[in-house]
Amino acid sequence: MIRRHFFLVAALVVLAVMVVVGGYKVLTKGSAGAGGGPGMAQGGAPQGKGGGGRGGAFGGPTLVSVATVQPRVFEETIEVLGVAKGRQSVTLTAAATQLVERVRFSDGQRVPRGAVLVELKDTEQNAGVAQAEARQVEARRAYDRYRSLGEQGWASKAQVDQYEAAWRSAQADVAAAKARQGDRMIRAPFAGVVGLSDVAPGALVNPGAPIVTLDDVSVIRVDFQVPERYLGQLREGQSLLATADAYPGETITGRIAQLDTRVDERTRAITARAEFPNASGKLKPGMLIRVGVSRGQRTNPSAPEAAISVQGDAAFVYVLQSRGQGTMVEQRPIVTGLRQHGFVEITDGAKPGERIVADGLNKIQPGQPVRVAGAAPPAAGARPATPRPAA
């Protein structure tokens with residue numbers, strides 16, 4: 001009997017709970033229907049469709065900045081890489097093993113042609129020159145004496161020729177001794193700037209061991225390779241534009257100084273040598289230079305890079321369209337070309353004079369009402385045009 005009453009009470013409790021839950025759901029649906037549904041904001045505008053970003057259904061049209069599609073000259077170029085080097089560059093070495101007696105330059109100094117940079121110990125060579133000169137004087141006197149005797153008939157022609165040969169041999173010995181003496185003077189073969197060196201007086205240098213580098217950096221040369229198919233578009237004296245990673249945003253102007261006489265059979269490319277004036281000395285040998293070889297110019301519509309929306313392989317712009325008293329944006333696909341100096345070439349999809357959204361593309365949606373920055377806001381009570389459904 002008690003168990004029967006227990007089950008009856010439990011059934012009544014479950015029934016009461018079901019009634020309460022059902023009534024709550026009915027009341028919730030009724031309230032949502034009166035407000036326009038969960039997907040509708042106040043005033044009946046769909047959420048996410050009214051304004052997006054700033055403004056929207058609660059704050060009016062989105063404020064955007066505007067750019068105009070304008071024709072611009074684009075230059076099609078071939079970009080190649082090259083390594084900078086001086087007009088003349090050399091690493092100076094000693095011609096003989098000897099001790100350094102004097103260093104006559106400072107690191108980074110600009111020196112004229114023929115300037116003595118390093119003096120090696122030359123005591124032995126100086127003595128050799130003096131000895132050779134003494135022998136030359138002796139041979140000269142003997143030759144003059146026998147030539148006089150020959151003219152008087154007291155000496156044969158063979159004896160005169162023998163002493164003349166001895167005198168000329170003594171002259172050659174003097175020249176050789178002076179050459180050995182000159183090897184102890186390391187001179188600049190051309191005007192330029194010396195690099196860093198660790199050579200100091202008292203150091204022992206050997207033939208072939210580097211002493212210091214010397215570079216003529218008044219003009220920088222860059223050798224680069226261009227594919228054979230572009231050979232007809234290259235000529236000596238052609239203007240070039242280049243950039244260096246060390247100076248971003250700066251453009252370097254130069255010219256093609258020389259084209260190689262042969263095309264590489266393996267790479268099917270020709271080597272060209274460019275020259276860039278370097279009066280400021282900013283370009284250094286060994287720098288990586290990006291050289292742009294012009295292939296011609298063309299004029300096409302353009303837009304700032306910030307106004308182009310890229311989605312996968314497709315590119316779009318948001319074109320402003322007047323709709324009644326408001327302004328809407330239309331997402332339009334375009335075909336892009338070159339990118340130069342912050343602008344993108346548009347080969348199809350937009351015409352010069354059309355107004356497009358300049359930036360903040362992630363804050364707007366197609367068909368959304370917008371207001372141009374700097375334009376007067378809509379009059380009080382005016383409502384933006386309702387977006388038309390897509391066809």
Approximate separation, where rounding is to 0.5 Å, of [X] [atom1] and [Y] [atom2]:
X	Y	atom1	atom2	value
Arg140	Arg168	CZ	CZ	8.5 Å
Arg147	Gln159	CZ	CD	15.5 Å
Ile346	Lys351	CD1	NZ	13.0 Å
Phe74	His341	CZ	NE2	9.0 Å

What do the steps show when you test Val64 against Tyr318 for side chain to side chain contact (heavy atoms under 4.5 Å, CB included), and what is the final call?
CA-CA 11 Å; Val64 297; Tyr318 288 88; over 6 Å; no
Within-4.5 Å side-chain heavy-atom neighbours: [X] and [Y]:
X	Y	answer
Met287	Tyr247	yes
Pro369	Met328	yes
Thr253	Leu241	yes
Arg339	Glu305	yes

Are Phe343 and Val357 connected into the same hydrophobic cluster when the rule is that any two of I, L, V, M, F, W, Y join if their side-chain heavy atoms are below 4.5 Å apart?
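No, separate clusters.
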Is it the case that one hydrophobic cluster holds both Val193 and Ile211, taking links as side-chain heavy atoms less than 4.5 Å apart, direct or via other members?
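In one cluster: no.
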What do the steps show when you test Leu214 against Val111 for side chain to side chain contact (heavy atoms under 4.5 Å, CB included), and what is the final call?
CA-CA 9 Å; Leu214 178 66; Val111 296; 3.9 Å; yes
Show, in sequence, the C-alpha distance, side-chain angles and deciding distance for Lys85 and Val83, and conclude whether the side chain to side chain contact (heavy atoms under 4.5 Å, CB included) test is met.
CA-CA 7 Å; Lys85 58 183 180 181; Val83 178; over 6 Å; no
Using modelled atom types only, decide if a donor and an acceptor are shared between the side chain of Asp122 and the backbone of Arg184 within a distance under 3.5 Å.
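Here the side-chain-to-backbone pair does not exist.
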Look only at the side chain of Asp359 and the backbone of Ala306, and say whether a donor-acceptor pair between them is shorter than 3.5 Å.
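No, because the side chain of Asp359 does not come within donor-acceptor range (under 3.5 Å) of the backbone of Ala306.
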Worked check of side chain to side chain contact (heavy atoms under 4.5 Å, CB included) between Arg72 and Gln340:
CA-CA 10 Å; Arg72 180 176 293 271; Gln340 291 180 355; over 6 Å; no
Asp223 and Thr271: side chain donor to acceptor below 3.5 Å
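Side chains of Asp223 and Thr271: no pair found under 3.5 Å.
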Closest non-hydrogen atom pair between Ala303 and Ile356, with its separation
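Looks like CB-CD1, 3.7 Å.
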Output yes when Arg180 and Asp183 qualify as a salt bridge under the 4.0 Å nitrogen-oxygen rule, no when they do not.
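Salt bridge flag = no for Asp183 with Arg180.
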